[in-house]
Protein chains: 2
Amino acid sequence: MQPRQRRKVPEGELCAVCSDRATGYHYGTPSCNGCKTFFRRTIVSGHTFVCQYNGNCDVNKNVRCACRHCRFNKCLAVGMDARAIQNDRDRIGPTKKFRMEKRNSSGEEDQISVTSSSPQQRPADDKVIENLTGIEQLCNTLRSCVMVESKNVKETLMSPCLLYRMNTLEPDPSTTFRNLYPASMEDIKMWNIRELRLGLEWVKTFEEFVKLSESDQMALVRNFAFTFNILNRVYYSGDYGPDKIVYPSGAYILRQAQDSVKIPGCRSIYHRQMDEIMIPFRKLDVSIHEFAAFKAVLLFNPDACELSAEAKPDVQRERTKYLSALFYYISTKYGLHHGVQKYGQLLMMAPSIQNIIDQNDENMQVMEVFEHIWRIDSFVKELCMR
Amino acid sequence: MQPRQRRKVPEGELCAVCSDRATGYHYGTPSCNGCKTFFRRTIVSGHTFVCQYNGNCDVNKNVRCACRHCRFNKCLAVGMDARAIQNDRDRIGPTKKFRMEKRNSSGEEDQISVTSSSPQQRPADDKVIENLTGIEQLCNTLRSCVMVESKNVKETLMSPCLLYRMNTLEPDPSTTFRNLYPASMEDIKMWNIRELRLGLEWVKTFEEFVKLSESDQMALVRNFAFTFNILNRVYYSGDYGPDKIVYPSGAYILRQAQDSVKIPGCRSIYHRQMDEIMIPFRKLDVSIHEFAAFKAVLLFNPDACELSAEAKPDVQRERTKYLSALFYYISTKYGLHHGVQKYGQLLMMAPSIQNIIDQNDENMQVMEVFEHIWRIDSFVKELCMR
DNA sequence: GGAAACCGGTCAAAGGTCAG
DNA sequence: TCTGACCTTTGACCGGTTTC
């Protein structure tokens with residue numbers, strides 16, 4: 001078992017799911033015997049339930065059996081973690097009637113249950129996710145550090161990765177939260193540049209990325225830079241409701257963008273960032289692990305414009321690697337049936353994101369036409385102009 | 001469930017109410033299935049009965065149904081405890097075993113549902129795929145039929161679906177293959193219109209689509225029409241190598257589009273249709289089942305522009321339905337490990353497709369500016385112009 | 001080494017189903 | 001309609017393993 005913290009459940013502690021008396025910490029959450037068993041059975045069987053009502057049924061001791069969909073959702077919501085479910089209890093004991101005899105040739109027997117894991121696969125996938133998550137957290141620290149802005153894109157790609165030299169960096173007070181205030185054009189520009197620079201440091205942590213030729217690196221980065229920017233902006237936005245994107249500094253953008261940040265001739269894409277990315281992320285309850293893996297999938301885009309034909313197979317292979325890791329992470333956490341749905345829904349956010357990025361590109365073209373008014377930073381230009 | 005004690009009912013114990021064979025302790029009293037169920041239903045429904053006689057009717061196995069008043073009184077008299085009755089539970093779905101009609105010697109599917117359970121599971125998914133495939137094949141026949149072009153989009157959406165009236169239609173000789181030849185602008189226009197009309201017939205086969213309001217139908221259709229067009233074009237293109245898209249008539253488009261079909265000011269998107277859709281489809285060996293399900297996923301886009309907020313949840317639910325069905329189809333066919341990869345790769349084609357569609361939209365804008373030269377068909381305009 | 005904590009397994013007894 | 005044989009689901013309890 002994982003080194004889960006062993007704690008004593010306080011006398012009188014209640015089940016986080018149904019408020020019955022908790023019998024201990026089960027799957028990481030104080031819970032009663034009923035909810036504990038219900039959660040395990042649901043994961044192991046892979047059952048998926050459909051709410052007969054609106055998906056917001058009450059769950060308490062008296063009615064906990066009334067809607068299995070909402071009960072299971074509550075289990076997940078209060079933090080029950082399916083990874084604490086053990087599937088190989090019979091490693092020594094001969095209690096189990098039938099053992100999965102062997103996976104010779106066909107290998108089809110693992111079609112259905114998550115529990116019959118392919119042993120060589122999951123540890124590797126876990127490692128991948130763990131690694132991505134670590135990088136993600138480093139990134140979150142770097143976001144609030146002083147970053148020199150002297151280098152251009154190519155120079156930055158060639159330089160050693162800042163994420164591994166964080167001890168040499170100092171916090172930047174202009175990034176820290178004081179209070180909410182409407183973002184100015186300057187705020188938005190500052191955060192764009194900062195996030196794009198962060199993105200360059202981030203991509204350098206991928207071994208397979210660094211192996212690519214300079215021009216292939218540029219192709220992937222130019223394809224991905226603004227996606228990285230927008231995804232981080234909305235994912236790490238403070239949650240002040242569905243109508244505000246809030247930067248770490250407290251600067252916010254409203255659904256109906258303030259006049260001061262509107263650009264004539266450009267269609268606002270902020271409301272779409274909220275409706276099609278921020279809200280779905282929150283609804284899907286995307287964890288930092290899933291978020292990091294999703295970004296890796298998007299970075300390794302074999303269809304990136306100007307990517308060389310030679311690099312495509314490698315890029316595709318990396319994408320597949322992160323897709324698999326993401327799937328195993330999600331299906332282990334949520335069970336196969338729910339996992340399949342969450343995985344599908346997450347991936348199907350990609351076309352909407354692409355569409356928003358395309359709209360942004362178009363806006364940049366417009367801004368370029370009025371260059372004398374809306375000067376686009378040269379760094380941003382290098383990364384985002386076609 | 002508050003079992004007072006864990007005890008087994010002794011062999012040959014009789015029902016305390018009617019002296020039938022007891023199946024266990026129910027509500028604190030050894031009783032038969034009939035009296036157990038009768039007691040619960042009476043309590044839950046709140047019915048009160050009146051005795052037709054003197055209130056002292058005999059209650060035994062043979063006459064226990066004669067007087068419900070006296071049966072219920074006896075239940076109480078022998079100690080059945082209404083406090084052991086619980087609240088309503090969730091539905092559990094069909095309990096009768098059903099056989100898969102497919103003949104399959106390997107007996108593997110017994111793993112899946114030895115005893116069936118919740119309403120939506122694999123058999124439902126199979127049905128979904130089967131249904132989509134049937135429609136897909138009807139579509140392929142309709143593609144080569146004479147189609148009147150008199151109606152506009154809304155009228156077409158209101159009319160009965162042609163796919164169910166194919167016997168009234170005649171083959172259109174202009175669609176049949178004679179020989180390969182370079183497509184003219186007229187060929188391309190003709191096939192665009194034909195495929196878009198086909199798309200309107202196709203969407204009408206979706207029950208959930210037809211249920212939507214007129215404006216929501218329009219939102220989905222306008223979002224999806226050109227995707228349907230391009231996907232069918234490349235999926236059903238004859239395979240004459242990676243550099244040709246070939247219409248059923250034999251008209252072909254080259255990777256480097258012929259001058260005759262180039263539009264000044266517009267970026268060619270044909271090579272991208274080949275590289276990012278046609279070739280991946282072939283590499284992934286996408287079957288007609290998978291292709292049909294993938295299109296259904298793309299049709300039900302909850303982020304479609306101008307889709308009403310009320311319709312979003314329904315659209316999302318449909319998307320999830322087809323995502324699940326697609327996954328189960330693929331994972332059954334390829335096994336979990338390879339299935340996950342194929343599923344992920346297929347879904348991740350969506351952003352590239354979106355990008356191509358966006359480029360096409362932009363081209364349409366350009367064409368519109370030169371309207372006097374490139375007249376866009378009004379039907380196409382209705383479906384594809386923003 | 002022993003107690004505490006939490007894992008999965010068990011099965012009597014709840015509720016749900018659907019021909020008859 | 002109501003009934004009840006037959007089905008699934010539930011959860012208190014148990015033994016085993018791991019962690020202090």
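In the text below, chain A, chain B and the rest are named by the order of the sequence lines, each starting its count at 1. All figures in this text were calculated on a predicted structure; none of them were measured in a lab.
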In whole angstrom, what separates [X]'s [atom1] from [N]'s [atom2]?
X: A:Lys36; N: C:dA5; atom1: NZ; atom2: C1'; result: 11 Å
X: A:Phe49; N: D:dT10; atom1: CZ; atom2: C1'; result: 12 Å
X: B:Arg68; N: D:dC2; atom1: CZ; atom2: P; result: 6 Å
X: A:Met80; N: C:dC6; atom1: CE; atom2: P; result: 12 Å
X: B:Asn33; N: D:dT8; atom1: CG; atom2: C1'; result: 14 Å
X: A:His26; N: D:dC13; atom1: NE2; atom2: P; result: 13 Å
X: B:Arg21; N: D:dC6; atom1: CZ; atom2: P; result: 9 Å
X: A:Lys61; N: C:dA14; atom1: NZ; atom2: P; result: 14 Å

Next item on the list: Classify the side-chain pair A:Thr133/A:Gln137 by whether it contains a donor and acceptor separated by less than 3.5 Å.
Entry: no
Determine the contact category for [X]: base if any of its heavy atoms lies under 4.0 Å from a base atom, sugar-phosphate if only primed atoms, P, OP1 or OP2 are that close, otherwise nothing.
X: A:Arg64; value: sugar-phosphate
X: A:Arg71; value: sugar-phosphate
X: B:Cys65; value: sugar-phosphate

query = When only distance counts, do a donor and an acceptor, one from the side chain of A:Arg40 and one from the base of C:dG9, lie under 3.5 Å apart?
reply = yes
- Message: Between the base of D:dG11 and the side chain of A:Arg41, is there a donor and acceptor pair under 3.5 angstrom?
- Response: yes
Regarding the side chain of A:Ala84, the nearest nucleotide among D:dT10, C:dC7, C:dC18 is C:dC7
Practice task
Could you tell me whether a side-chain N or O of A:Ser31 sits under 3.5 Å from a main-chain N or O of A:Thr29, the two making a donor and an acceptor?
Solution key: yes
- A:Asn60 side chain vs A:Val63 backbone, donor-acceptor pair below 3.5 Å: yes
ring-ring contact (aromatic ring centres under 6.0 Å, His included) test vs B:Phe327 passes for just one of B:Phe294, B:Tyr322, B:Tyr343, B:Tyr334, namely B:Tyr343
Q | Any B:Tyr27 side-chain nitrogen or oxygen under 4.0 Å from OP1 or OP2 of C:dG15 | A | yes
Exercise. For the rings on B:Phe72 and B:His47, is their centre-to-centre separation under 6.0 Å?
Worked result: no
